[in-house]
Amino acid sequence: MHERQRLLAGGIFLLAFLGRRIVVNSVELTFELPDNARECFYEEIKKNQTATLEFQVVTGGQYDVDVSLESPTQEILYRQIKTQFDSHQFTAQATGIYAACFSNEFSTFSHKLIYMDFQVGDEQPLPGVDEHATVLTQLESSSQEIHKSLNAILDYQTHHRLREAQGRKRAEDLNERVLWWSLTETFAILVIAIGQVVVLRNFFSEKKPSQMNYQQFK
């Protein structure tokens with residue numbers, strides 16, 4: 001009986017967790033921003049609704065990008081110049097379409113890979129919890145704690161994946177630079193060795209007597 005109750009509670013919690021991921025309006029993606037380019041993402045936000053914009057430059061150039069957040073009236077709510085990562089939370093003062101824009105126009109040849117998370121609205125509570133006037137049971141309290149812990153784990157995993165991708169890209173760039181430097185050094189050594197052999201042969205080479213006599217009588 002207790003085993004069935006634990007399985008049922010686990011199933012309810014899983015459905016609640018999946019429901020949370022569907023109810024919360026969030027745009028989370030990784031996109032490529034070419035050089036001399038500007039990309040904007042639009043989200044409809046209602047008045048007095050809370051929203052959070054989080055971004056990070058994963059790869060490309062000096063790992064920086066220009067970011068701006070515009071209201072429906074074209075008012076600049078948030079702006080950062082050549083920033084690698086940041087997070088900004090705000091409350092909408094009016095209902096409308098808000099734009100989060102990323103600019104790489106200052107770069108002439110570096111493409112950027114950018115992670116963005118644009119979350120709108122507060123997190124919905126677990127179904128069945130806080131819907132009654134009585135004190136929360138131990139199972140409900142435990143469900144809330146597990147729910148918060150899983151959300152924190154998801155955030156940590158996302159940031160660890162971004163750091164891993166960033167470190168891998170830097171290692172690949174360093175490996176490519178070392179490879180080209182090694183090839184350049186090898187080519188330079190070969191050229192110097194061949195040049196030294198040619199010069200030394202010219203120093204120790206003797207002219208034939210017939211050639212020397214011909215040059216004297218000429």
Side-chain angles (χ1 to χ4, degrees), residues 17-125 147-177:
F17 174 72
L18 293 177
R20 181 261 176 187
R21 301 303 296 178
I22 295 175
V23 170
V24 175
N25 187 12
S26 176
V27 177
E28 184 177 6
L29 54 87
T30 303
F31 64 96
E32 183 178 358
L33 185 63
D35 54 288
N36 296 318
R38 187 173 185 266
E39 294 286 347
C40 293
F41 300 88
Y42 302 91
E43 189 70 32
E44 183 178 3
I45 306 176
K46 296 181 180 180
K47 185 178 180 179
N48 296 328
Q49 200 170 25
T50 302
T52 302
L53 174 64
E54 183 179 1
F55 67 92
Q56 179 176 344
V57 181
V58 182
T59 61
Q62 300 297 323
Y63 300 89
D64 52 1
V65 68
D66 294 344
V67 183
S68 63
L69 182 63
E70 300 179 3
S71 68
T73 59
Q74 306 301 321
E75 179 186 359
I76 302 298
L77 304 177
Y78 168 78
R79 173 175 287 174
Q80 289 291 335
I81 305 298
K82 293 184 178 182
T83 305
Q84 181 178 350
F85 61 90
D86 197 10
S87 178
H88 177 69
Q89 185 177 21
F90 66 97
T91 301
Q93 301 298 323
T95 301
I97 303 298
Y98 289 75
C101 297
F102 299 83
S103 175
N104 194 30
E105 296 173 328
F106 59 87
S107 180
T108 56
F109 58 87
S110 296
H111 289 216
K112 307 290 176 62
L113 187 65
I114 301 174
Y115 163 81
M116 181 197 70
D117 185 9
F118 199 178
Q119 183 173 337
V120 178
D122 296 328
E123 181 180 347
Q124 298 295 327
H147 183 62
K148 294 178 181 179
S149 299
L150 284 178
N151 288 336
I153 291 173
L154 288 176
D155 293 337
Y156 285 137
Q157 286 180 338
T158 299
H159 287 90
H160 281 307
R161 282 196 297 267
L162 293 175
R163 290 186 178 182
E164 187 273 335
Q166 191 177 64
R168 184 176 66 252
K169 179 61 177 177
R170 288 183 176 179
E172 290 175 355
D173 292 341
L174 180 60
N175 183 46
E176 184 178 359
R177 292 182 182 181

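In this chain, residues are counted from 1 in sequence order.
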Q: Drop me the distance from Leu53's CG to Tyr98's OH, to the nearest 0.5 angstrom.
A: 13.5 Å
**Q.** CG on Leu33 to CD on Glu105, rounded to 0.5 Å
**A.** 9.0 Å
Q: Ignoring hydrogens and angles, tell me if any N or O in the side chain of Asn104 forms a donor-acceptor pair with the backbone of Ser110 under 3.5 Å.
A: yes
Q | Minimum-distance pair of heavy atoms, taken over all atoms of Glu70 and Ile76 | A | CG-CD1, 3.5 Å
**Q.** Backbone N/O of Asp64 and side chain of Lys112: donor-acceptor pair under 3.5 Å
**A.** yes
Q. For Val57 and Thr83, which heavy atoms make the closest approach, and how far apart are they?
A. CG2-O, 3.9 Å
(Q) Donor-acceptor check, side chain of Ser103 to backbone of Arg38, threshold 3.5 angstrom: yes or no? (A) no
**Q.** Thr52 versus Gln89, closest heavy-atom pair with distance
**A.** OG1-CG, 3.5 Å
Q: Provide the closest heavy-atom pair for Asp35 versus Phe109 in the form atom of the first, atom of the second, distance.
A: CB-N, 3.8 Å
Q. What's the spacing between Ser68 OG and Tyr78 OH if we round to 0.5 Å?
A. 10.0 Å
**Q.** Phe85 CZ: over 12 foreign heavy atoms closer than 6.0 Å
**A.** no
**Q.** Gap separating the CZ atom of Phe41 from the CE atom of Met116, nearest 0.5 angstrom
**A.** 5.0 Å
Q) Taking all atoms of both residues into account, what is the closest heavy-atom pair of Lys82 and Asp66, and its distance? A) N-OD1, 2.7 Å
Q: Would you give the length of the straight line joining atom CD1 of Ile97 to atom CD of Glu44, rounded to the nearest 0.5 angstrom?
A: 4.5 Å
Q. Do you know which two heavy atoms are closest between Leu69 and Phe118, and how far apart they sit?
A. CD1-CZ, 4.2 Å
Q: State the CD1-OH distance between Ile114 and Tyr63, to the nearest 0.5 angstrom.
A: 13.0 Å
